[in-house]
Peer 1: 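Dumping the structure here so I can ask a few things about it.
As the structure is a computational prediction, the values presented were derived from the model and not from experiment.
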Amino acid sequence: MKRDLGVVAFGLALCVTAGCALPRLFTPQSDIEGYVAVYGSGEHSLLVASRSSAFKDAVVEGIDRAFAGESVAIKFVGLQKVKYEDAGDFDTVVIINTCIAWGMDPQVDGYLNKYSDASNIIVLTTSGAGDWLPKKQNRTFDAVASASEMMRVDEVTAEIVEKVRGLMGI
């Protein structure tokens with residue numbers, strides 16, 4: 001009888017785990033188009049990696065506009081390509097992703113694990129209610145949470161830009 005309960009418990013755990021992972025499979029997300037923008041002499045460097053949605057694209061564009069008058073080189077990449085970027089090559093790294101099924105995008109999680117001691121990383125995670133923050137798990141990064149509400153784009157962008165300016169000292 002105890003063995004049957006163990007099998008049932010294992011089966012339930014497997015179903016719950018699979019059920020939580022299914023939204024990731026059925027909610028494919030595209031990435032932003034990569035490009036480089038160099039303003040002034042490009043004294044400071046910023047990497048922005050993001051998925052694409054109306055909200056995320058507006059935040060990315062806002063970050064780009066905010067540094068147009070500075071001496072900053074900005075590299076924009078999609079999350080599929082962030083694994084090829086070394087966090088140490090940039091003054092600041094901004095990663096924009098979505099919480100799906102109570103978890104962070106696997107590309108972001110892997111990147112944060114690779115650079116667990118990098119204090120120059122800021123992660124913006126969007127979620128339905130806008131209050132989900134990733135677990136740090138002995139990793140050093142700053143985190144911002146938001147719902148993907150277009151009326152909050154300016155507010156969220158300003159928060160990210162302020163954090164970036166603080167890390168760059170500008």
Side-chain angles (χ1 to χ4, degrees), residues 21 23-25 27-127 130 132-146 148 152-154 156-170:
R24 290 186 188 281
L25 298 174
T27 314
Q29 296 190 346
S30 60
D31 281 348
I32 62 168
E33 290 293 323
Y35 67 99
V36 174
V38 180
Y39 300 109
S41 64
E43 176 184 350
H44 300 282
S45 59
L46 170 62
L47 172 66
V48 177
S50 182
R51 293 289 188 205
S52 181
S53 72
F55 179 83
K56 291 174 185 69
D57 293 349
V59 171
V60 167
E61 290 168 14
I63 292 169
D64 192 358
R65 278 192 314 274
F67 291 102
E70 305 287 340
S71 181
V72 178
I74 310 172
K75 184 171 187 178
F76 297 90
V77 298
L79 285 186
Q80 290 292 337
K81 294 186 178 178
V82 74
K83 64 187 169 194
Y84 302 115
E85 302 297 335
D86 186 335
D89 291 344
F90 300 91
D91 294 326
T92 307
V93 176
V94 174
I95 302 176
I96 305 171
N97 78 124
T98 304
C99 168
I100 299 176
W102 306 280
M104 193 171 6
D105 191 299
Q107 277 77 23
V108 177
D109 201 34
Y111 193 80
L112 293 174
N113 287 337
K114 185 176 179 181
Y115 299 104
S116 61
D117 292 334
S119 59
N120 65 329
I121 300 174
I122 302 164
V123 178
L124 167 60
T125 305
T126 62
S127 64
W132 188 89
L133 288 170
K135 292 180 175 77
K136 295 227 176 167
Q137 300 171 328
N138 296 320
R139 300 176 291 195
T140 306
F141 62 90
D142 197 352
V144 176
S146 178
S148 292
R152 295 204 60 228
V153 166
D154 292 341
V156 172
T157 302
E159 184 177 357
I160 297 292
V161 167
E162 180 181 335
K163 289 176 181 291
V164 170
R165 287 185 190 280
L167 286 170
M168 288 184 183
I170 57 175

Peer 1: If you define the side chain from C-beta out and look only at heavy atoms, does anything of Phe76 sit under 4.5 Å from Glu33?
Peer 2: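 When only atoms from C-beta onward are counted, Glu33 and Phe76 do not touch, as no gap falls below 4.5 Å.
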
Peer 1: Return the minimal non-hydrogen interatomic distance between Leu167 and Ser119, and the atom names on each side.
Peer 2: CD2-O, 3.7 Å

Peer 1: Checking Lys75 against Glu85 for the side-chain contact (heavy atoms from CB on, under 4.5 Å) test, could you report, in this order, the C-alpha distance in whole Å, the side-chain angles of both residues, the deciding distance, and whether it holds?
Peer 2: CA-CA 10 Å; Lys75 184 171 187 178; Glu85 302 297 335; 2.8 Å; yes

Peer 1: Does a salt bridge link Lys135 with Asp109, judged by any charged N lying under 4.0 Å from a carboxylate O?
Peer 2: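 Not counted as a salt bridge, because no side-chain N and carboxylate O are separated by less than 4.0 Å.
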
Peer 1: Crowded around Asp154 CG? As in, over 12 foreign heavy atoms under 6.0 Å?
Peer 2: no

Peer 1: Go through the side-chain N and O atoms of Asp64 and Tyr35 and say whether any donor and acceptor fall under 3.5 Å apart.
Peer 2: yes

Peer 1: To the closest 0.5 Å, what do you measure between CG (Leu46) and CG (Asp91)?
Peer 2: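 Here the interatomic distance stands at 8.5 Å.
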
Peer 1: Please evaluate residues Val123 and Val144 with respect to the criterion side-chain contact (heavy atoms from CB on, under 4.5 Å), reporting the C-alpha separation (whole Å), side-chain torsions for both, the decisive distance (0.1 Å), and the verdict.
Peer 2: CA-CA 6 Å; Val123 178; Val144 176; over 6 Å; no

Peer 1: What's the spacing between Gln137 CD and Leu112 CG if we round to 0.5 Å?
Peer 2: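 These two atoms lie 9.5 Å from each other.
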
Peer 1: side-chain hydrogen bond (donor to acceptor under 3.5 Å, both in side chains): which pairs involve residues 46-63, sequence neighbours left out?
Peer 2: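 Every side-chain hydrogen bond (donor to acceptor under 3.5 Å, both in side chains) pair that includes a residue of residues 46-63, provided the two are not neighbours, is Asp31-Arg51, Arg51-Asp105, Arg51-Gln107, Ser52-Asp57, Lys56-Thr98, Lys56-Thr126.
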
Peer 1: To the nearest 0.5 angstrom, please state how far the CD1 atom of Ile96 sits from the OG1 atom of Thr125.
Peer 2: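 Answer rounded to 0.5 Å: 10.0 Å.
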
Peer 1: Within this structure, what is the CZ-CG distance for the pair Arg139 and Asp117, rounded to the nearest 0.5 Å?
Peer 2: 12.0 Å

Peer 1: Is there a side-chain contact between Val164 and Val94 in this structure, where contact means two heavy atoms from C-beta onward sitting under 4.5 Å apart?
Peer 2: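 SC-SC contact between Val164 and Val94 confirmed.
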
Peer 1: Establish, yes or no, whether a centroid distance under 6.0 Å links the rings of Phe67 and Tyr39.
Peer 2: no

Peer 1: Over all heavy atoms of both residues, which pair between Phe90 and Ser45 is shortest? Give the atoms and the distance, please.
Peer 2: CA-OG, 3.2 Å

Peer 1: Under 3.5 Å, is there a donor on one side chain and an acceptor on the other for Ser41 and Ser71?
Peer 2: yes

Peer 1: For Lys136, does the NZ atom have more than 12 heavy-atom neighbours from other residues, nucleotides or ligands under 6.0 Å away?
Peer 2: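 Yes - once you tally the heavy atoms of other residues, nucleotides and ligands closer than 6.0 Å, there are more than 12.
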
Peer 1: Give, for atom CG of Leu124 and atom NZ of Lys163, the distance between the pair rounded to the nearest 0.5 Å.
Peer 2: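 Between atom CG of Leu124 and atom NZ of Lys163 there are 10.5 Å.
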
Peer 1: Using the side-chain contact (heavy atoms from CB on, under 4.5 Å) rule, take Asn120 and Phe141 through it: C-alpha gap first, then chi angles, then the decisive distance, then the call.
Peer 2: CA-CA 7 Å; Asn120 65 329; Phe141 62 90; over 6 Å; no

Peer 1: Determine the minimum heavy-atom distance between Leu133 and Ala145, stating which atoms define it.
Peer 2: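 Looking at all heavy atoms of both residues, the closest pair is CD2-CB, 3.6 Å.
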
Peer 1: What is the distance from atom CH2 of Trp132 to atom OG of Ser127, rounded to the nearest 0.5 Å?
Peer 2: 8.0 Å

Peer 1: Would Val77 and Tyr84 count as a side-chain contact (heavy atoms from CB on, under 4.5 Å) here? Give the steps.
Peer 2: CA-CA 10 Å; Val77 298; Tyr84 302 115; over 6 Å; no

Peer 1: Applying side chain to side chain contact (heavy atoms under 4.5 Å, CB included) between Leu47 and each of Ile121, Val93, Ile74, Thr92, report the one that passes.
Peer 2: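 By the side chain to side chain contact (heavy atoms under 4.5 Å, CB included) criterion, Leu47 pairs with just one of Ile121, Val93, Ile74, Thr92: Val93.
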
Peer 1: Does atom CG (Asp89) have a neighbourhood of more than 12 heavy atoms from anything else shown, all under 6.0 Å?
Peer 2: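 Yes.
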
Peer 1: Minimum heavy-atom separation for His44 to Met168, with atom names?
Peer 2: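 Minimum heavy-atom separation between His44 and Met168: CE1-O, 3.4 Å.
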
